[in-house]
Amino acid sequence: MKKILLSALLLASFITAFAQQNAPVEMADEMRSSGKIYVVIATITIIFVGLAIYLFSIDRRLKKIEKDK
Amino acid sequence: MKIIYQTWWKVLAVLVILYTLIAGFLFDVPRLFILHETIRNVYFHVPMWIAMFTVFTISVIYSIMYLNTGKEKYDLVAVECVNTGTFFYVLGLCTGMMWAKFTWGAFWSSDPKQNSAAIAFLLYCAYAVLRNSIDEEQKRAKISAIYNIFAFPIMVVLIMILPRMTDSLHPGNGGNPAFGKLDMDNHMRVVLYPAFIAWATIAVWIASLRYRIRLIEYKRNEIN
């Protein structure tokens with residue numbers, strides 16, 4: 001009984017495979033409408049701001065060393 | 001040369017890149033088969049090459065200035081510009097390979113553009129080898145300056161001209177100009193061109209930092 005149930009369940013899982021539609025050109029519309037793209041933007045912005053601050057701090061340290069000379 | 005010690009243009013470049021990061025993901029792009037959302041890579045992959053070209057051009061100018069005047073400082077600028085350019089070269093190659101995997105089907109498909117970019121990369125690796133193999137300072141500076149002046153046009157021919165004369169998967173080859181009137185969507189230009197300028201400026205900034213460090217090292221060696 002268990003085996004039959006399990007195989008039926010596994011077969012049912014295939015139904016989702018047919019749910020795909022032939023959209024003209026796939027774009028990340030869904031992601032943008034649900035607002036999740038902002039998460040990606042926030043992430044790369046944080047990374048870039050971090051790198052920029054890092055560069056500025058190197059710049060400042062160099063200035064200090066140059067002044068000592 | 002005083003400008004490399006100023007801050008305003010560095011802040012400006014950072015702000016413009018932040019704009020391209022946000023606008024690059026939010027603004028509309030043309031809907032194209034195969035490319036899909038990866039068309040946004042244009043905003044990040046191409047500026048790496050523009051940054052590379054900018055610092056390599058500066059290094060050639062300083063190599064010529066070194067040969068004219070014999071000032072050691074100019075040689076130091078040229079070296080550090082090449083070093084920074086090579087770094088952006090690697091970034092450009094890696095982002096290109098990543099993009100190629102998902103649009104052309106393989107990281108490396110021996111496309112004319114990819115092959116000649118790899119050859120030109122070796123050209124600049126040879127520059128580093130050449131420099132490190134000469135101990136005498138003036139000789140090193142002179143020979144590497146001459147090599148640099150010759151390497152630059154060969155690199156331009158390899159990357160920009162030769163792939164254009166054959167069929168290539170890369171846009172801008174096989175007779176189609178990648179940034180021509182008909183090939184690039186005008187909405188993309190508002191992000192792409194600021195990205196070019198800003199990333200080129202960032203490359204110049206990094207090169208200037210490396211130059212300043214090298215200058216301190218150079219002065220220290222002089223005293224000893």
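Here is the naming used below: chain letters follow the sequence lines, and residue numbers restart at 1 for every chain.
Two rings, from B/W49 and B/F196, have their centers 6.0 Å or more apart. Ring-centre distance between B/Y124 and B/F56: below the 6.0 Å cut-off.
With respect to B/R131 and B/D75, a salt bridge is recorded, a charged nitrogen being found less than 4.0 Å from a carboxylate O. Checked for salt-bridge contact, B/E37 and B/R40 meet the test: a charged N lies under 4.0 Å from a carboxylate O. The existence of a salt bridge linking A/D59 and B/R212 is confirmed by a sub-4.0 Å separation between a basic side-chain nitrogen and an acidic carboxylate oxygen.
Proximity to chain A involves both the backbone and the side chain of B/I213, based on heavy atoms less than 4.5 angstrom apart. Contact of A/L55 with chain B is made through backbone and side chain together, with heavy-atom distances under 4.5 Å.
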Query - Derivation and outcome, side chain to side chain contact (heavy atoms under 4.5 Å, CB included), residues B/N41 and B/T95 - result: CA-CA 8 Å; B/N41 269 359; B/T95 52; over 6 Å; no
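Ring orientation note: the planes of B/W104 and B/H170 are nearly perpendicular, at an angle over 60° on the 30°/60° scale.
Within residues 5-17 of chain B, the residues approaching chain A closer than 4.5 Å by heavy atoms are, in numerical order, B/Y5, B/T7, B/K10, B/V11, B/V14, B/I17.
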